[in-house]
Amino acid sequence: MSGASEGNGTARERLLDELSAVSRRYLASYALFTQAAADRLGLHPTDLQCLSLLVLEDGGPVTAGRIAELTGLTTGSATRLVDRLERAGYVVRERDAADRRRVLVATVPEKIAEFRRTWERLGDGWVGLFDDLDESQLTLLVAHLRRTAEFSTAQVARLRAEGV
């Protein structure tokens with residue numbers, strides 16, 4: 001009985017090692033992809049990711065504080081990021097109608113449409129990567145990516161808080 005579980009543990013360890021290596025390759029390839037896409041749009045990679053997150057937020061105006069939360073940046077760094085996006089024409093600052101003291105960051109629809117078109121062109125064929133997966137496999141992938149994103153967000157906060 002213990003030999004069977006030991007064998008499974010060894011296979012599991014090998015799979016976890018492979019998952020670690022594949023994950024690192026995936027992250028590196030995605031970082032390089034992000035850099036190339038940002039270069040194409042004339043943006044910094046962090047700015048590109050922020051735009052992506054803003055689009056996912058539903059496109060409504062947000063505060064610089066919310067941008068800091070989304071990106072894991074300090075408020076000062078988030079403000080500089082907004083400055084760069086504003087110079088590039090992707091966002092504008094506007095006063096909150098409900099509280100004139102508050103400044104909101106709103107995306108510029110025409111520039112976001114351009115951003116979406118570029119992202120769609122770059123993503124051509126992406127959905128095809130999943131043609132051979134059934135719904136349960138897709139559900140597993142979604143759950144994995146959601147957990148990974150949550151883990152990464154927590155690690156960013158930890159790195160910024162502890163300097164680990």
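Any value given below was found using the heavy atoms of this structure, including those in side chains, with hydrogens, waters and symmetry copies removed. Position 1 is the first residue of the sequence; numbering continues from there.
- Under the 4.5 Å side-chain contact rule for hydrophobic residues, Trp126 and Leu133 share a cluster.
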Criterion side chain to side chain contact (heavy atoms under 4.5 Å, CB included) on Leu54 and Val91, from CA distance to verdict: CA-CA 10 Å; Leu54 287 174; Val91 301; 4.3 Å; yes
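- If you check the side chains of Gln49 and Thr71, you find no donor sitting under 3.5 Å from an acceptor.
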Stepwise side chain to side chain contact (heavy atoms under 4.5 Å, CB included) test for Phe151 and Thr148: CA-CA 5 Å; Phe151 177 78; Thr148 301; 5.6 Å; no
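- There is a path of hydrophobic side-chain contacts, each under 4.5 Å, that joins Val62 to Val55.
- To the nearest 0.5 angstrom, Thr79 atom OG1 is 8.5 Å from Ile67 atom CD1.
- Under the rule for a salt bridge (Lys or Arg N to Asp or Glu O under 4.0 Å), the partners of Arg66 that lie at least two apart in sequence or sit in another chain are Glu57, Glu69.
- Here Arg117 contributes atom CZ and Ile112 contributes atom CD1; the two are 11.0 Å apart, rounded to the nearest 0.5 Å.
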Verdict with supporting geometry, Arg24 and Leu27, side chain to side chain contact (heavy atoms under 4.5 Å, CB included): CA-CA 5 Å; Arg24 289 175 62 196; Leu27 291 172; 5.7 Å; no
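- Leu122 and Leu32 are assigned to two separate hydrophobic clusters, defined by single-linkage of ILVMFWY side chains at heavy-atom distances under 4.5 Å.
- Looking only at distances, a side-chain donor or acceptor of Ser23 sits under 3.5 Å from a matching main-chain atom of Leu19.
- Residue pairs meeting the ring-ring contact (aromatic ring centres under 6.0 Å, His included) criterion with at least one member in residues 67-94: none, sequence neighbours excluded.
- Note on Leu53: it does not cluster hydrophobically with Val92, by side-chain heavy-atom contacts below 4.5 Å among ILVMFWY residues.
- Atom CZ of Arg12 and atom CZ of Arg14 lie 13.0 Å apart (nearest 0.5 Å).
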CA sep, side-chain torsions, deciding dist, call: Thr63, Val103, side chain to side chain contact (heavy atoms under 4.5 Å, CB included): CA-CA 6 Å; Thr63 63; Val103 175; over 6 Å; no
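- Within 6.0 Å of the CZ atom in Arg93, the count of heavy atoms belonging to other residues, nucleotides or ligands exceeds 12.
- Rounding to the nearest 0.5 Å gives a distance of 11.0 Å between CG of Leu15 and OG1 of Thr10.
- In this structure, Leu81 is a member of the same hydrophobic cluster as Leu41, with clusters built from ILVMFWY side-chain heavy atoms closer than 4.5 Å.
- The side-chain heavy atoms of Leu85 and Thr107, taken from C-beta on, include no pair separated by under 4.5 Å.
- Counting heavy atoms from C-beta outward, Arg160 and Leu73 have side chains that approach closer than 4.5 Å.
- With rounding to the nearest 0.5 angstrom, the NZ atom of Lys111 is 4.0 Å from the CD atom of Glu114.
- Between Tyr30 and Tyr26, the ring planes are parallel. Angles under 30° get that label, and only those over 60° would be called perpendicular.
- When the options Arg121, Arg116, Glu120 are evaluated for a side-chain contact (heavy atoms from CB on, under 4.5 Å) with Thr118, the one that passes is Arg121.
- In terms of modelled atom types and a separation under 3.5 Å, the side chain of Ser52 and the main chain of Leu48 share no donor-acceptor contact.
- Closest approach of Thr46 to His44, counting heavy atoms only: N-ND1, 2.9 Å.
- A heavy-atom distance below 4.5 Å is not found between the side chains of Arg25 and Val22.
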